[in-house]
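Everything on this sheet refers to the single structure shown next.
Quick caveat: nothing in here was measured; it's all calculated off a predicted structure.
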Amino acid sequence: MAITAKVEDGKLNYNYTDSGKKTASNDMGYDQFLQLLCAEMQYQDPLEPTSNTDYVAQLATFSQLEATLGLQTTQDNNFASTLVGKEVILAETDNSGNTKYVTGTVDYVMYENGTPYLSVNNKLYPFSDLDTIAENGYYEAATLSKTFSTMVATLPSKDKITADYEGAVKEVRELYDGMTDYQKKFVDSDALTTLETLEKKIKELIDAKNSADAGSTSGSEDTSGTTDADDVTDKTE
């Protein structure tokens with residue numbers, strides 16, 4: 001690969017870019033670095049030559065940097081392998097620069113040209129998109145809590161609820177009681193308070209209805225008894 005650079009005052013300008021030519025990859029390896037180093041030596045100012053110590057220092061710095069990057073790559077690859085089966089949140093950026101978050105379980109890890117890709121929801125995402133690693137069961141708990149809040153929100157307010165909603169209220173209560181202690185931690189406290197308030201109101205309405213029904217039945221029995229007694233008296237006379 002050809003290296004294009006600009007020489008100024010006998011020294012190589014590393015910041016120079018030729019806008020008229022296509023820029024190559026931003027990654028630099030040993031071969032590219034050595035070509036730049038040779039170009040610097042070739043075009044250095046004879047009156048102010050760069051010392052051998054400077055060249056060695058540049059080479060040592062580059063070697064150290066490449067070793068660090070290589071170690072980072074190895075660590076990323078090893079870490080990516082441990083994500084299989086875990087819940088993750090990925091930050092995916094589209095061509096317009098907009099970021100959307102994808103949640104799901106890592107099914108497997110695939111490596112392409114040394115870069116790890118995470119398979120989530122039957123789609124591959126580069127490891128660099130990884131945003132958050134969640135505890136196992138997190139999404140189930142979050143989903144259940146959201147379902148709970150939604151079910152509570154669909155119920156009428158305390159002033160408008162009737163005894164006909166007894167079954168719907170019981171269904172929400174069964175959902176909550178079926179959660180684990182960990183899942184209950186995600187439940188919105190206001191939604192739980194609303195449920196308890198509605199349960200109390202439903203109980204009051206049902207008790208009032210039962211009392212009214214009992215009073216009505218008792219009154220009917222008393223009236224029936226009086227009529228029978230009058231009939232007996234009439235027949236006796």
Side-chain angles (χ1 to χ4, degrees), residues 75-76 78-110 116-220:
Q75 290 177 338
D76 288 346
N78 292 338
F79 180 65
S81 300
T82 66
L83 296 178
V84 176
K86 293 187 178 297
E87 309 283 352
V88 297
I89 300 176
L90 302 167
E92 184 182 25
T93 304
D94 59 22
N95 295 331
S96 301
N98 300 318
T99 300
K100 71 173 183 177
Y101 292 90
V102 179
T103 61
T105 303
V106 179
D107 298 319
Y108 62 88
V109 178
M110 186 183 77
Y117 287 83
L118 309 178
S119 174
V120 178
N121 301 330
N122 296 321
K123 183 178 178 180
L124 290 174
Y125 298 89
F127 178 76
S128 57
D129 284 353
L130 180 64
D131 181 81
T132 304
I133 305 172
E135 182 178 356
N136 290 336
Y138 167 82
Y139 290 111
E140 182 181 3
T143 300
L144 284 174
S145 69
K146 184 176 181 180
T147 301
F148 175 82
S149 297
T150 300
M151 293 176 69
V152 171
T154 59
L155 296 172
S157 63
K158 176 184 176 182
D159 298 332
K160 296 181 179 180
I161 199 167
T162 64
D164 295 334
Y165 285 91
E166 179 185 11
V169 171
K170 283 185 176 180
E171 185 179 358
V172 181
R173 168 54 65 178
E174 290 173 356
L175 174 64
Y176 179 79
D177 291 342
M179 295 182 186
T180 64
D181 291 339
Y182 173 76
Q183 292 168 346
K184 289 179 179 179
K185 293 179 181 180
F186 291 79
V187 172
D188 182 72
S189 59
D190 291 338
L192 180 59
T193 300
T194 299
L195 174 63
E196 293 171 346
T197 300
L198 295 179
E199 286 178 321
K200 182 178 180 181
K201 181 64 176 181
I202 288 286
K203 185 177 184 303
E204 292 175 355
L205 292 173
I206 293 176
D207 289 345
K209 183 177 182 297
N210 291 337
S211 297
D213 291 343
S216 176
T217 302
S218 177
S220 299

Which heavy-atom pair separates [X] from [Y] by the least distance, and what is that distance?
| X | Y | answer |
| --- | --- | --- |
| Leu205 | Ala163 | CD1-N, 3.8 Å |
| Val120 | Leu90 | CG2-CD1, 3.8 Å |
| Ala91 | Thr99 | CB-CG2, 3.9 Å |

- Begin with the C-alpha distance, continue with both residues' side-chain angles, and end with the deciding distance and a verdict on side chain to side chain contact (heavy atoms under 4.5 Å, CB included) for Ile161 and Val169. CA-CA 10 Å; Ile161 199 167; Val169 171; 4.1 Å; yes
- Query: Passes salt bridge (charged side-chain N to carboxylate O under 4.0 Å, His left out), Lys123 versus Glu92? Steps please.
  - Reply: CA-CA 12 Å; Lys123 183 178 178 180; Glu92 184 182 25; 3.0 Å; yes
Could you state the interatomic distance from [atom1] ([X]) to [atom2] ([Y]), rounded to the nearest 0.5 Å?
| X | Y | atom1 | atom2 | value |
| --- | --- | --- | --- | --- |
| Glu87 | Ile133 | CD | CD1 | 11.5 Å |
| Ile89 | Asp129 | CD1 | CG | 13.0 Å |
| Glu171 | Leu155 | CD | CG | 9.5 Å |
| Glu199 | Ile202 | CD | CD1 | 9.5 Å |
| Lys203 | Asn210 | NZ | CG | 9.5 Å |

- Message: Do the side chains of Lys185 and Asp181 get close enough for a salt bridge, i.e. N-O under 4.0 angstrom?
- Response: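 No, this pair does not count.
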More than 12 non-hydrogen atoms from neighbouring residues, nucleotides or ligands closer than 6.0 Å to [atom1] on [X], yes or no?
| X | atom1 | value |
| --- | --- | --- |
| Asn122 | CG | no |
| Tyr101 | OH | no |
| Tyr138 | OH | no |
| Glu196 | CD | yes |
| Tyr165 | OH | no |

- Name of the residue among Asp188, Thr194, Asp190 meeting side-chain contact (heavy atoms from CB on, under 4.5 Å) with Ser149: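 Answer after filtering Asp188, Thr194, Asp190: Asp188.
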- Step by step, work out the side chain to side chain contact (heavy atoms under 4.5 Å, CB included) result for Arg173 and Leu195. CA-CA 8 Å; Arg173 168 54 65 178; Leu195 174 63; 4.1 Å; yes
- Query: Hey, what's the ring geometry for Phe148 with Tyr176, parallel, tilted or perpendicular (30° and 60° as the breaks)?
  - Reply: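 Judged by the thresholds at 30° and 60°, the geometry between Phe148 and Tyr176 is tilted.
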- Message: Evaluate Leu83 against Phe127 for side chain to side chain contact (heavy atoms under 4.5 Å, CB included), listing each step before the verdict.
- Response: CA-CA 10 Å; Leu83 296 178; Phe127 178 76; 4.0 Å; yes
- Verdict with supporting geometry, Val109 and Leu118, side chain to side chain contact (heavy atoms under 4.5 Å, CB included): CA-CA 5 Å; Val109 178; Leu118 309 178; 3.8 Å; yes
